[in-house]
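When a residue number appears, it is its place in the shown sequence, counting from 1.
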Amino acid sequence: MERNAENESRFRTSNQRTDVALDDVYGDDPRGTFEAMCECALEDCAEMIVVDPDAYQHVRSHGRWFMVTPGHVLPDGESTIEEFPNYWIIEKLGAGGERAQSLA
Ligand SMILES: [Zn+2]
């Protein structure tokens, strides 16, 4: 489970870099959407999620939350927080969640 958390945190770091690049373009008033990588624990997942920056920041406001493609949830160790048509917000539970939070 801790390995999963590190896998997900790696994508989170990559997505945050994308978000920083958007800030460079749009400043404090981001517009439009960008593509974030699915932050699930599936090693071969290459799904992209089109999301607006506000929604992305909402997920990032919580250290244990990740933005995933609908259905990309591990029933053992993750719980679904919110379901939207194009993505779900999941929370890492237990040791995996603590590890994810420490890497945030
Ligand atoms: Zn995925």
Side-chain angles (χ1 to χ4, degrees):
M1 200 54 66
E2 292 205 2
R3 191 155 163 241
N4 283 338
E6 290 187 21
N7 192 31
E8 293 180 335
S9 295
R10 190 155 42 87
F11 284 117
R12 176 168 61 191
T13 301
S14 173
N15 282 339
Q16 279 174 325
R17 285 201 200 99
T18 304
D19 197 41
V20 167
L22 271 179
D23 281 349
D24 290 344
V25 175
Y26 296 115
D28 292 329
D29 187 20
R31 296 179 197 284
T33 58
F34 72 101
E35 283 195 323
M37 276 181 280
C38 177
E39 297 173 344
C40 78
L42 304 172
E43 295 212 4
D44 58 350
C45 176
E47 295 283 335
M48 301 297 288
I49 301 164
V50 176
V51 65
D52 69 71
D54 284 349
Y56 181 74
Q57 287 300 335
H58 172 61
V59 177
R60 276 297 78 81
S61 69
H62 195 297
R64 297 182 183 207
W65 286 4
F66 292 90
M67 179 177 281
V68 301
T69 300
H72 287 204
V73 184
L74 295 180
D76 179 23
E78 299 175 351
S79 83
T80 306
I81 302 297
E82 287 185 82
E83 296 183 12
F84 297 97
N86 55 331
Y87 69 91
W88 289 2
I89 299 172
I90 60 152
E91 178 172 353
K92 298 287 289 184
L93 305 174
E98 283 171 27
R99 182 78 180 131
Q101 199 155 35
S102 75
L103 292 170

Short side-chain to backbone donor-acceptor contact, Arg12 and Gly63, under 3.5 Å = yes
Sub-4.5 Å side-chain heavy-atom contact between [X] and [Y]:
X	Y	result
Leu93	Ser79	yes
Gln101	Trp65	no
Glu78	Glu91	no
Val51	Phe34	yes

Looking only at heavy atoms, what is the nearest atom pair of [X] and [Y], with distance?
X	Y	answer
Arg64	Gly94	NH1-O, 4.3 Å
Glu83	Thr80	CG-CG2, 3.6 Å
Val73	Ile90	CG2-CG2, 3.5 Å
Val68	Cys38	CA-SG, 3.8 Å

Lys/Arg-Asp/Glu bridge criterion (N-O < 4.0 Å) met for Glu39, Lys92 =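 Here Glu39 does not pair with Lys92 in a salt bridge, since their nearest N and O are not under 4.0 Å apart.
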hydrophobic_cluster_shared for Val50 and Val59, side chain cutoff 4.5 Å = no
Reported CD1-to-CE distance for the pair Ile89 and Met67, which is rounded to 0.5 angstrom = 6.0 Å
